[in-house]
Student: 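Input: one structure, supplied below.
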Amino acid sequence: MKKAKNKHDTNSVVEKLYSIGQASRKLHLSSPTLRMYEHHGVLIPYKTKSGRRYYSDADIERVQCMRHMIKDVGLNLEGIRRLFALLPCWEIKQCSKKEREHCPVYLDSSKPCWTFKRVTCRKDSMDCKTCEIYLMSSTCTDRLKTILRGIGYLQAE
DNA sequence: ATTCTAACA
DNA sequence: TGTTAGTA
């Protein structure tokens, strides 16, 4: 979600960000809970150099989706993590057979691609918060639901 | 005033 | 999940 900047920067856009306090109030949950989600590898907030967390609108929606999965689908955080681990990034990024054979993400479906340290297809300059794989799992609608249905985790509607 | 980590109830 | 301690 982008928003026009103020009069000092009329040409650029900036993402709206929320501190952990603002985000937790917006989501009606506690800040330790947001930190716990992060600890489990299912949420990646921005971090300042001093370590302060900032959450985007995509992060807010991501948490709302996960709350839905917990409340209505019956998953726990481990289940959500393993669900994200099943996102076939090697298909979406169309990695070659050769690349797959050496990719830890392809060889280990136990954790999400963004929790791996070094992945060859991931440029050093590219962080997982802006990667399409992480972003596509931010919403409960569209592609993620399609994938979840495809692997039998959600009923067809 | 707010958030951080880590440990613990 | 929440709370506490000692910081930054």
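Hydrogens, waters and symmetry mates play no part in the numbers below; they use all other heavy atoms, side chains included. Naming: A, B, ... by sequence-line order, numbering from 1 per chain.
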Student: Pairing donors with acceptors under 3.5 angstrom, does anything connect the side chains of Arg81(A) and Tyr37(A)?
Tutor: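 Tyr37(A) and Arg81(A) do not have a side-chain donor-acceptor pair below 3.5 Å.
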Student: For a quick test of reading the model: is some side-chain N or O of Arg52(A) closer than 4.0 Å to OP1 or OP2 of dT2(B)?
Tutor: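 No, no such contact exists.
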Student: Report yes if a side-chain nitrogen or oxygen of Arg67(A) is closer than 4.0 Å to either non-bridging phosphate oxygen (OP1 or OP2) of dT1(C); otherwise report no.
Tutor: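 Looking at the OP1 and OP2 atoms of dT1(C), one of them is under 4.0 Å from a side-chain N or O of Arg67(A).
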Student: If you pin Ser50(A) and Ile70(A) to their nearest nucleotides in DNA chain C, which one's is more 5'?
Tutor: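 The answer here is Ile70(A).
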Student: Taking atom types as modelled and ignoring hydrogens, do the side chains of Tyr18(A) and Asp57(A) form a donor-acceptor contact shorter than 3.5 angstrom?
Tutor: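 Distance-only check passes for Tyr18(A) and Asp57(A).
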Student: Quick one: Met36(A) CE to dA9(B) C1', roughly how many Å, whole number?
Tutor: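 After rounding, the gap between these two atoms is 16 Å.
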Student: When you measure from the side-chain N and O atoms of Thr33(A) to the phosphate of dG2(C), is any distance below 4.0 Å, counting only OP1 and OP2?
Tutor: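 True: Thr33(A) side-chain N/O within range (under 4.0 Å) of dG2(C) OP1/OP2.
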Student: Tell me yes or no: between the side chains of Arg62(A) and Thr139(A), is some donor less than 3.5 Å from an acceptor?
Tutor: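 Thr139(A) and Arg62(A) do not have a side-chain donor-acceptor pair below 3.5 Å.
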Student: Let's go through Cys65(A) and Cys140(A) carefully: what are the C-alpha distance in whole Å and the side-chain angles of both, what is the deciding distance for disulfide (SG to SG under 2.5 Å) to 0.1 Å, and is it a yes or a no?
Tutor: CA-CA 5 Å; Cys65(A) 172; Cys140(A) 274; 1.9 Å; yes
Student: Expressed as a whole number of angstroms, how long is the span from Leu34(A):CG to dT1(C):P?
Tutor: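 From Leu34(A) CG to dT1(C) P: 10 Å.
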Student: Tell me the partner of dT2(B), counting only Watson-Crick (N1-N3 plus N6-O4 or O6-N4) or G-U wobble (N1-O2 and O6-N3) with both under 3.5 Å; none if nothing fits.
Tutor: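 Matched dT2(B) with dA8(C) under the 3.5 Å cut-off.
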Student: Report the distance from atom NZ of Lys47(A) to atom P of dT2(B), rounded to the nearest whole Å.
Tutor: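 Nearest whole value for this atom pair: 21 Å.
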Student: Without decimals, in angstroms, what is the distance between Glu38(A) CD and dA6(B) C1'?
Tutor: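 Taking CD of Glu38(A) and C1' of dA6(B), I get 14 Å after rounding.
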Student: Kindly give the heavy-atom pair with the smallest separation between Pro112(A) and Gly41(A), and that separation in Å.
Tutor: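 Distance-wise, the nearest heavy atoms are CG-O, 4.1 Å.
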Student: Rounded to the nearest angstrom, tell me the gap between atom CD in Gln22(A) and atom P in dT3(B).
Tutor: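 To the nearest whole Å, that distance equals 7 Å.
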Student: Establish, with yes or no, whether the OP1 or OP2 oxygen of dG2(C) is under 4.0 angstrom from a side-chain nitrogen or oxygen of Ser30(A).
Tutor: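 So the side-chain polar atoms of Ser30(A) do come within 4.0 Å of the phosphate oxygens OP1 or OP2 of dG2(C), strictly under.
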Student: Heavy atoms only, 4.0 Å cut-off, all strands: where does Ser19(A) land among base, sugar-phosphate and nothing?
Tutor: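 If one applies the 4.0 Å heavy-atom cut-off, Ser19(A) turns out to touch the sugar-phosphate alone, with no base involved.
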Student: What's the CG-C1' distance between Leu77(A) and dT1(C), to the nearest Å?
Tutor: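 Atom-to-atom, Leu77(A) to dT1(C), this comes out as 11 Å.
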Student: Give the rounded distance in Å between these two atoms: CD of Glu78(A) and P of dT1(C).
Tutor: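 So the CD-P distance, Glu78(A) to dT1(C), works out to 15 Å.
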Student: Please report, rounded to the nearest Å, how far the C1' atom of dT1(C) is from the CZ atom of Arg35(A).
Tutor: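 Distance, rounded to whole Å: 13 Å.
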Student: Looking across every strand, which nucleic acid part, if any, lies under 4.0 Å from Arg25(A) by heavy atom: base, sugar-phosphate, or nothing?
Tutor: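 The residue Arg25(A) makes no contact with any strand.
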